[in-house]
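Reminder, nothing fancy here: chain letters follow the sequence lines and each chain counts from 1.
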Protein chains: 4
Amino acid sequence: MVLQAQEQVKKDKKKYLSEKALEMIVEKGLSNFTMDDVAKSCGVAKGSLYTYFKNKDALIISAFGNLVERLKKVITYEDIKSTDTAEEKAKYFAKTYSQILSDFPSDQFMRLFEILINSTHDQKMMQDLTEIFTDYYKSLLQVWESLFKSKSKALLFQAMFDGLAMYKAVGVSLPPEEFESTFKEIILKIAK
Amino acid sequence: MVLQAQEQVKKDKKKYLSEKALEMIVEKGLSNFTMDDVAKSCGVAKGSLYTYFKNKDALIISAFGNLVERLKKVITYEDIKSTDTAEEKAKYFAKTYSQILSDFPSDQFMRLFEILINSTHDQKMMQDLTEIFTDYYKSLLQVWESLFKSKSKALLFQAMFDGLAMYKAVGVSLPPEEFESTFKEIILKIAK
Amino acid sequence: MVLQAQEQVKKDKKKYLSEKALEMIVEKGLSNFTMDDVAKSCGVAKGSLYTYFKNKDALIISAFGNLVERLKKVITYEDIKSTDTAEEKAKYFAKTYSQILSDFPSDQFMRLFEILINSTHDQKMMQDLTEIFTDYYKSLLQVWESLFKSKSKALLFQAMFDGLAMYKAVGVSLPPEEFESTFKEIILKIAK
Amino acid sequence: MVLQAQEQVKKDKKKYLSEKALEMIVEKGLSNFTMDDVAKSCGVAKGSLYTYFKNKDALIISAFGNLVERLKKVITYEDIKSTDTAEEKAKYFAKTYSQILSDFPSDQFMRLFEILINSTHDQKMMQDLTEIFTDYYKSLLQVWESLFKSKSKALLFQAMFDGLAMYKAVGVSLPPEEFESTFKEIILKIAK
DNA sequence: AATGAATGAGGCTTCATTCAT
DNA sequence: CATGAATGAAGCCTCATTCAT
């Protein structure tokens, strides 16, 4: 019992450190943040980070794991399953994605892409990340698929959203209402 | 005459070095390639790089400048202007983009995004890059716009393509024919 | 208690490193000594120096701060204040300065000038150094002033000594007794 | 004849390069100026400098040789030899040195000391410089000696002046008139 | 003689990781 | 477990000097 409680404490601290690490990554960029940065922002000694994470990569993975976890919660399609007409579905999609685009910190999206891109040349890293992202994308695509009855279209539309998220991260974006109405119009035309 | 010839030689060498640098960036990643790498792959001394580029950033900028230049040549929409029906336009778009997706090294696309993302926290760099990319995207979007008569749609479709390019870079892609037909279908439906 | 002890240890080590740095500066010259030199002579890794000093300049400043501190201790005029006649004062001055000239490593004096000269074109450095030297010279000049009742004369005599110190550093010097008697004679004639 | 003319041309150019080099040294400091700086300011290629000077040190030596040459011309004691009374001599000394202190660029004085100090740890350099300076100081000291009938006093007074010149270089100086009158007063008292 | 591109040794600094306390 | 000083590999950049043209 005591052990379990202690384990929980350790888990919580690990999460706390991961979140602070993500903050630093978002602020300074994936290849510019240092273990020192994280330690300082956490109020712990640098060495302590190594008690919780094998190395810097493990910390990064953990940080992005948390981010994806949070994204999963933000994008819940449970509602859509009950809706009926394509019109309603399209409306829901447009609204939800528009909201994400507006509300979710675009730098965090950006860092998602950054880590994906960066890990291209590191097999071990790529593997760990794939595990994290696979679930996430599988569920996302399933929902699109339920609307379009086509895997290709599902992929294309999710790509459209991700592309836009990236644009926003580098400073190019549409006004939310314009995005919402245009996105809905396009979805609806294709879904029919 | 002689002077002009020598200047040309210098220009050519600069381009050669930029291209080799891009190779290294693509291979190792933007923040993992070193000046040593580039020097070695070019068969010159490290110091020589500094004869041609003020510093590492300047080399990077130059490398990406060349890449975008190459991309501009690949994506020429001169043909499309003469085409007439939406059907033909859509076909042309789908075919061209599909070809790009198949032929153009996807890691290079990826590194385009990488540098954009990475420069987010470096004002000077961001400025230089913006100059490079602005032209490129302006012309791209104009063509889409000529088809859709809508800036928003133009942006969304280019985002779709870029998103897909990124997916491909991290290992997720559609078969070319499937992409081509689906992309064409979607374009056509929206263009009408 | 423990914390204080540790802080003291760190302070001591910083001082130790500064002193070794000064040794290297004196031996090799201000612009020829390297961080490597210092690290090696201290028996620590090069990186460790950066735990104690922000950069090379900070180390240099610290080294000279220590030197001036030591000089301050060597040149204490407390005795002179109690002496009475000009004759006695002159005698004391001549004796003390002669001793300094004989005993104090002349290369160290020289390096004092070297750093002053060298920092002429570095505002930040000049500022830091001014802080260090101001106190030192103020107190020196005050004592001369108490003898001559003239700021100009005080400055001229201190300049005479510094000039001589520099001469010695480049290998030109008078026999101590000759300096002492001549210096005393001159001081006395002017003080009257 | 032609050869002699050519030799003269070469000599002139060497002098020109030396002077430009001195300018750069004064501006940037002995250890911060580069061969590139000199070449650019001379309007020649870097490699050309090596046609005239074996290496950087030789250029420096030459630059300071010229400086001392110029100083020799500025400080001519020919007049003093004819003056008679100590009063007149003192007046002349004070006036001349005051003028030098006011007119002669203090940065150039400073660099004289800089090079002397800097060469302390380079035997070859020290030797070359000694040759240059020996003559200069010998003549200076002779004049002082003619006034004081004492080598020690001669040295002390020249040291006083050099010390002051250095002070001025680092920003500490007396108003010219004050220096002149005080210096004269002191000289006179000692000369009697 | 003049050029200036090329060289490469060498300097400063950063930072992930370790380890004694 | 926590700490943070110590490490040392590795990176960027400078610049005196050389040499083919």
Side-chain angles (χ1 to χ4, degrees), chain A residues 6 9-10 13 31-40 42-60, chain B residues 2-3 5-7 9-10 13-14 17 31-39 42-59, chain C residues 2-3 5-7 9-10 13-14 17 31-39 42-59, chain D residues 6 9-10 13 31-40 42-60:
Chain A
Q6 281 198 346
V9 166
K10 188 163 179 183
K13 184 149 189 187
S31 49
N32 294 105
F33 87 102
T34 68
M35 294 301 266
D36 251 321
D37 290 334
V38 177
K40 239 165 243 166
C42 291
V44 300
K46 199 165 31 161
S48 304
L49 293 177
Y50 288 83
T51 314
Y52 294 90
F53 305 97
K54 190 176 171 287
N55 53 29
K56 198 184 183 188
D57 276 356
L59 174 59
I60 292 173
Chain B
V2 174
L3 276 177
Q6 280 198 350
E7 266 172 37
V9 166
K10 194 166 179 181
K13 182 145 192 189
K14 195 169 172 176
L17 297 175
S31 47
N32 294 104
F33 88 101
T34 70
M35 294 303 268
D36 245 324
D37 290 334
V38 178
C42 291
V44 300
K46 199 168 23 167
S48 304
L49 295 178
Y50 290 85
T51 313
Y52 294 89
F53 306 97
K54 191 178 171 290
N55 53 30
K56 199 185 181 186
D57 275 357
L59 174 59
Chain C
V2 173
L3 275 176
Q6 280 200 350
E7 266 171 36
V9 166
K10 192 163 180 182
K13 182 144 193 189
K14 195 168 174 177
L17 298 175
S31 48
N32 294 105
F33 88 101
T34 69
M35 294 301 267
D36 244 325
D37 290 334
V38 178
C42 291
V44 300
K46 202 170 18 167
S48 303
L49 295 178
Y50 290 85
T51 313
Y52 294 89
F53 306 97
K54 192 178 169 291
N55 52 29
K56 198 185 183 186
D57 276 356
L59 174 58
Chain D
Q6 280 197 347
V9 166
K10 188 164 180 184
K13 183 147 190 188
S31 49
N32 293 106
F33 87 100
T34 68
M35 295 301 268
D36 251 319
D37 289 334
V38 178
K40 237 165 245 166
C42 292
V44 301
K46 199 165 32 160
S48 304
L49 295 178
Y50 287 84
T51 314
Y52 294 90
F53 305 97
K54 189 176 169 289
N55 53 28
K56 198 186 183 187
D57 276 356
L59 174 59
I60 292 173

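Looking at residues two or more places apart in sequence or on another chain, you find a side chain to side chain donor-acceptor pair (under 3.5 Å) between B/N32 and A/H121. Applying the side-chain contact (heavy atoms from CB on, under 4.5 Å) criterion to B/Y50, with sequence neighbours excluded, gives B/M35. With sequence neighbours excluded, the residues satisfying side-chain contact (heavy atoms from CB on, under 4.5 Å) with A/A45 are A/S48. For the side chain to side chain donor-acceptor pair (under 3.5 Å) test, residues two or more places apart in sequence or in another chain that qualify with D/K46 are D/D36.
One atom, CG of A/L49, and another, C1' of F/dC1, lie 13 Å apart when rounded to the nearest Å.
Phosphate contact (OP1/OP2 of F/dA2, side-chain N/O of A/K13, threshold under 4.0 Å): present.
Under the 4.5 Å side-chain criterion, counting only non-hydrogen atoms from C-beta, B/V44 is in contact with B/K13. Using a 4.5 Å cut-off on side-chain heavy atoms (C-beta onward), B/L59 and B/K54 make no contact. Between A/F53 and A/I60 there is no side-chain heavy-atom pair separated by less than 4.5 Å.
With rounding to the nearest 0.5 Å, the separation of OG1 in D/T34 from NZ in D/K56 is 7.0 Å.
In DNA chain F, stems built from 3 or more consecutive Watson-Crick or G-U wobble pairs, each with both distances under 3.5 Å, span E:2-21 with F:2-21.
Nucleic acid contact for A/Y52: sugar-phosphate only, since backbone atoms but no base atoms lie under 4.0 Å from a heavy atom of the residue.
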Legend entry - B/S/- contact track for nucleotides 14-21 of chain E, protein heavy atom under 4.0 Å: BSBBB---

